[in-house]
Amino acid sequence: HAKNTGKGRWAQFDTSMDERVMRRFEIESALRRAIQNQEISLSFQPIVSLRTGELHSFEALARWQLPSGSFIPPSSFIPLAEETGLIIPLGAMILQQACEQGRKLRDAFPMIPIRMNVNISEKQFQLPYFVDQVTRVLRETGFPAPALCLELTESVLLGDSEGCAKKIRALEKLGIQLTLDDFGTGYSSLSYLSQLPVQGLKIDAHFIQGLTSSSREKVAQNVAIIRAILGLAYTFELSVTAEGIEDEEQRRRVESLGVTFGQGYLFARPLSYTDVEAYLEEHALPSVAQAA
Ligand code: C2E
Ligand code: MG
Ligand code: MG
Ligand code: MG
């Protein structure tokens with residue numbers, strides 16, 4: 001799992017426990033500084049309609065670039081930020097940036113109803129003032145609530161289900177969209193799907209990649225899992241996005257199974273803000289303008 005890979009990656013060259021603690025401490029300090037100096041930026045990956053290829057939304061993804069120019073992947077620093085509590089200032093900064101930049105894009109491309117998906121980690125969601133934080137960011141940035149979609153993982157919804165349901169209802173009241181990220185990899189307690197007003201779920205990339213496995217048995221298993229997820233989504237009227245679509249074969253298969261939206265390298269890599277502007281000029285404008 002990402003959490004373990006993250007830790008393992010930091011520790012992989014270390015031999016002694018002392019060194020490991022030291023290294024972790026250094027990385028933690030570096031992350032703290034990076035947050036203070038706003039060295040963590042966002043990239044934006046398009047989520048598209050599988051039928052038409054039209055842009056639906058962007059997912060904001062955190063990027064940490066070191067002064068040397070190299071990038072530390074979120075699978076390494078997000079788990080560290082969660083363990084150290086740094087996710088709280090970091091998450092606030094990411095939400096603020098996503099809405100600010102989303103607002104700027106909306107101003108630059110008024111014909112395109114730009115939506116923004118933001119990943120929210122468990123600790124951030126559990127803050128007692130989380131709903132107030134979201135409310136304030138929307139007010140300060142002027143980004144419209146219905147264009148914001150928060151991506152939550154299943155684990156977020158397992159904790160204090162009472163308080164969690166309350167928060168979700170408050171967010172729903174603000175008009176914000178909620179989606180379950182990495183669906184199928186967590187505990188998949190089905191009861192919450194009927195109780196919680198989420199609007200969508202994202203099928204984890206693992207199941208999409210399995211569709212083009214060389215093992216027939218594995219392909220059949222993944223088809224069955226995706227069918228089951230789609231059945232649930234149909235029952236609870238949730239929109240479905242397939243993550244990690246890398247080739248045309250995967251796209252064709254998820255579309256024919258009945259998935260509505262897709263995200264993956266086949267359509268676009270996560271893009272810098274400047275590349276998003278270019279993307280919107282090239283791809284999205286004509287089709288959206290036609291539809292409008
Ligand atoms: P996620 O939310 O499931 O995001 C999707 C990940 O899949 C992203 O990895 C994206 O770059 C990657 N991806 C997209 N298309 C493809 C594809 O076709 N093939 C493959 N192999 N991968 C693809 P990324 O940016 O490295 O982020 C990894 C995870 O880190 C995210 O998974 C999310 O859980 C977490 N993360 C990233 N940014 C944030 C953030 O701002 N806040 C929080 N709390 N977590 C974040
Ligand atoms: Mg996500
Ligand atoms: Mg995901
Ligand atoms: Mg995923």
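Counting convention: from 1, in listed order, for ligands and their atoms alike.
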Q: So, 2.8 Å as the limit: is an N/O/S atom of E243 located closer than that to the Mg ion (ligand 3)?
A: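 Given the 2.8 Å cut-off, E243 counts as a ligand of the Mg ion (ligand 3).
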Q: Only N/O/S atoms count here: what is the atom of D181 closest to the Mg ion (ligand 2) called?
A: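 Restricting D181 to its N, O and S atoms, the minimum distance to the Mg ion (ligand 2) goes to OD2.
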Q: E59 to ligand 1: N or O pair under 3.5 Å?
A: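 Among all N and O atoms of E59, at least one is under 3.5 Å from an N or O of ligand 1.
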Q: Side chain, backbone, both or neither: which part of L90 has a heavy atom under 4.0 Å from ligand 1?
A: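 Under 4.0 Å from ligand 1, L90 contributes no heavy atoms.
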Q: Which residue is it: E249, E248, R253? I am looking for the one with a side-chain contact (heavy atoms from CB on, under 4.5 Å) to R251.
A: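 For R251, the side-chain contact (heavy atoms from CB on, under 4.5 Å) test succeeds with only one of E249, E248, R253, which is E248.
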Q: Report the part of Q45 in contact with ligand 1, treating N, CA, C, O as backbone and CB onward as side chain, heavy atoms under 4.0 Å; options are side chain, backbone, both, neither.
A: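 For Q45, only side-chain atoms sit under 4.0 Å from ligand 1.
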Q: Using the Mg ion (ligand 2) as the apex, give the angle to atoms OE1 (E151) and OD1 (N119), rounded to 10 degrees.
A: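 Result: 90°, to 10°.
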Q: Looking at non-hydrogen atoms alone, which of I40, I78, L95, D182 comes nearest to atom 46 (C) of ligand 1?
A: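 It is I78 that holds the nearest heavy atom.
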Q: Are any of the N/O atoms in S75 less than 3.5 Å from those in ligand 1?
A: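 No, no N or O pair falls under 3.5 Å.
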Q: So is A62 polar-close to ligand 1, meaning N/O to N/O under 3.5 Å?
A: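 Indeed, backbone or side chain, A62 has an N or O that close.
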Q: State whether a side-chain donor-acceptor pair under 3.5 Å links K167 with Q126.
A: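 On atom types as modelled, these side chains do not qualify, holding no pair under 3.5 Å.
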Q: Where on L61 is there a heavy atom closer than 4.0 Å to ligand 1, on the side chain, on the backbone, on both, or on neither?
A: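 Both parts.
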Q: What do we get for R63 next to ligand 1 when only non-hydrogen atoms under 4.0 Å count, side chain, backbone, both or neither?
A: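 Under 4.0 Å from ligand 1, R63 contributes side-chain atoms alone.
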Q: With a cut-off of 2.8 Å, does D182 place any N/O/S atom under that distance from the Mg ion (ligand 2)?
A: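 Here the distance criterion (N, O or S atom, under 2.8 Å) is not met by D182, so no.
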Q: Under 4.0 Å, heavy atoms only, figure out whether ligand 1 is touched by the backbone of D181, its side chain, both or neither.
A: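 The answer is the side chain of D181.
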Q: Backbone, side chain, both or neither: what part of R269 comes under 4.0 angstrom of ligand 1, heavy atoms only?
A: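 Neither part.
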Q: Is it the side chain, the backbone, both or neither of N119 that has a heavy atom closer than 4.0 Å to ligand 1?
A: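 Under 4.0 Å from ligand 1, N119 contributes backbone and side-chain atoms.
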Q: Looking at I87 and S121, what are the two nearest heavy atoms and their distance?
A: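 Of all heavy-atom pairs spanning I87 and S121, the closest is CG1-OG, 3.1 Å.
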Q: Please work out, at 4.0 Å between heavy atoms, whether the side chain, the backbone, both, or neither of Q263 comes within that distance of ligand 1.
A: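 Within the 4.0 Å criterion, Q263 makes no contact with ligand 1.
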Q: Please state which part of P73 comes within less than 4.0 Å of ligand 1, counting heavy atoms only: side chain, backbone, both or neither.
A: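 Answer for P73: neither.
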Q: Please confirm if an N, O or S atom belonging to N117, backbone or side chain, lies less than 2.8 Å from the Mg ion (ligand 2).
A: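 Short answer: no, not a single N, O or S atom is under the cut-off.
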Q: In E59, what N, O or S atom is nearest to the Mg ion (ligand 2), if we give its atom name?
A: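 Looking at E59, the N, O or S atom with the least distance to the Mg ion (ligand 2) is OE2.
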Q: Which option, Y265, F267, F77, owns the non-hydrogen atom nearest atom 18 (O) of ligand 1?
A: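 Residue with the shortest heavy-atom distance to the ligand atom: Y265.
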Q: Hey, is there an N, O or S on D204 sitting under 2.8 Å from the Mg ion (ligand 3)?
A: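 Not a single backbone or side-chain N, O or S atom of D204 is under 2.8 Å from the Mg ion (ligand 3).
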